[in-house]
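As structure tokens, the structure follows; a few thoughts come after it.
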Number of protein chains: 2
Amino acid sequence: MDTKTLCLAVLSRGPASGYEIKKTLEQPPYCLFQDTGFGSIYPALQRLNEDGAVATTDCTPTRRPAKRIHALTDEGRSRLLEALSQAPSPDRLRSDFLFTLLHGDLLPPDLVLEMIDARIAELEAKLSQVEACEPRADSPCAVFLHGLGRTHYGGCLDYLRRNRSKLARDLNAASAPSSKRAAE
Amino acid sequence: MDTKTLCLAVLSRGPASGYEIKKTLEQPPYCLFQDTGFGSIYPALQRLNEDGAVATTDCTPTRRPAKRIHALTDEGRSRLLEALSQAPSPDRLRSDFLFTLLHGDLLPPDLVLEMIDARIAELEAKLSQVEACEPRADSPCAVFLHGLGRTHYGGCLDYLRRNRSKLARDLNAASAPSSKRAAE
DNA sequence: GCTTACATGTAATAGGTTACATGATTCT
DNA sequence: AGAATCATGTAACCTATTACATGTAAGC
């Protein structure tokens, strides 16, 4: 999904400014599977306006960078529908954490364990963030997605918590086969 | 992680050509959280060679595009270690599927359900792919990651399978509040 | 008074993806 | 003989990130 479609999707919930779109995208559920900066949003909104997909009106002309509210047009709505109807392109995950973990054998055991602890803390934060934003009950899809998010984060968290100590043992056994110093 | 680090990591398992690196990256476990094309790999290897991080030797000089084997140098190894020791930057997931699902209320229920079925099939394929590649028992980190992958895919799959029918019901109830045609 | 949040936009850069270009070898 | 796989590389393009540039309003 390109930034234009992203903007259209957010605008389908109601008119908004570029700044507000960015804020919406920063919060769950969007922040869980998308990320975009101002540098992508503003140009996208301009092109969308040129193409007639959104109607832009200056809301606060007195203010210097006037707040520009963008509203979906019929053209924009049908474009969004079309984009959404396409077969979704495969997920793209870039995870430095997972990548590092895969090569954890090259690193000092303590460092690996620290990274896992940090990840556990992050997942806890994300999970409570997800749980905090209750989906609207009138949207079956939002409810479904909410549950999926909870399952995903909860499952990973659970795994990390339950297998951390085993990894710690195995790692220390591998790094000290004979008998180095035991504790630090 | 940029492509250069990716190449160094693959080369830490042993010398390889650019083509072989690409193949390795296409398979689990790498393919689960990374993706890179030839257009990124070959330039990266050239720069790595210029920087002295890898030693490149033409393996089959008779063949026209000679097979070029790249081997990690000490410089390359310490560079890899350094990159791996950094605090991992946050995961970046771009999921058209999740994005579409979030806006599923705008789409015909049947289309949403079809997408979920397709996703279930994809996840089944990925899970069996992950389960097929048994990690080396001597690498605690690889074993840990393998378990994490299984937990992740298994958990998502389980959720989708168990909640699909509920979503179908809710979606049809929402789209036909009174009494449209029942079946198609 | 200072800092944070609001608010928009441009320009430079870096990076990756796609398409192109070429050719050998192996399998069917 | 033809297709698929092996094998490397360049160039164009597209996109996103980053830094820059500017200014207001609200809260501390």
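Chain letters run A, B, ... following the sequence lines, proteins first and then strands; every chain starts at 1.
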Going by the rule salt bridge (charged side-chain N to carboxylate O under 4.0 Å, His left out), which residues pair with [X] if we only count those two or more places apart in sequence or in a different chain?
X: A/Arg164; result: A/Asp117
X: B/Arg119; result: A/Asp91, B/Glu122
X: B/Arg77; result: none

Can I get a per-line list of side-chain donor-acceptor pairs under 3.5 Å for residues 7-20 of chain B, giving both atom names and the distance, sequence neighbours left out?
residue	atom	partner	partner atom	Å
B/Ser12	OG	B/Ala9	O	2.6
B/Ser17	OG	B/Glu20	N	3.2
B/Ser17	OG	B/Glu20	OE1	3.4
B/Glu20	OE1	B/Ser17	N	2.9
B/Glu20	OE2	B/Lys67	NZ	2.9

Report which part of the nucleic acid A/Ser17 touches: base, sugar-phosphate, or nothing (heavy-atom distance under 4.0 Å, all strands).
sugar-phosphate
So which one's nearest nucleotide on DNA chain D is more toward 5', B/Arg92 or B/Gly18?
B/Gly18
Using the C1' atoms of the five pairs at each end, what is the angle between the end axes of the helix from C/dG1-D/dC28 to C/dT28-D/dA1, to 10°?
40°
Can you confirm whether or not the ring centre of A/His103 sits under 6.0 Å from the ring centre of B/Tyr30?
yes
Is the distance from OP1 or OP2 of D/dC6 to the nearest side-chain N or O of B/Tyr19 less than 4.0 Å?
yes
Pairing residues for B/His146 by the ring pair (Phe, Tyr, Trp, His ring centres under 6.0 Å) criterion, not counting sequence neighbours:
none
Sequence neighbours excluded and cut-off under 3.5 Å, please list the side-chain donor-acceptor pairs for residues 132-142 of chain A, or say none.
residue	atom	partner	partner atom	Å
A/Ser139	OG	A/Ala142	N	3.2
A/Ser139	OG	B/Asp105	OD1	3.4
A/Ser139	OG	B/Asp105	OD2	2.5

Chain B footprint on DNA chain C, 5' to 3' - any atom under 4.0 Å from a heavy atom:
C/dG16 to C/dT25
List the residues meeting side-chain contact (heavy atoms from CB on, under 4.5 Å) with B/Tyr159, not counting sequence neighbours, and say none if there are none.
A/Phe144, A/Leu148, A/Thr151, B/Asn163
Qualifying residues under side-chain contact (heavy atoms from CB on, under 4.5 Å), relative to A/Ser89, sequence neighbours excluded:
B/Asp96
Please, which pairs that meet salt bridge (Lys or Arg N to Asp or Glu O under 4.0 Å) have at least one residue in residues 25-37 of chain B, sequence neighbours excluded?
A/Arg92-B/Asp35, B/Lys22-B/Glu26, B/Lys23-B/Glu26
Tell me which residues in residues 22-57 of chain A lie within less than 4.0 Å of DNA chain C, going by non-hydrogen atoms.
A/Tyr42, A/Gln46
Quickly work out the B/Ile21 CD1 to D/dA7 P distance and round it to whole Å.
12 Å
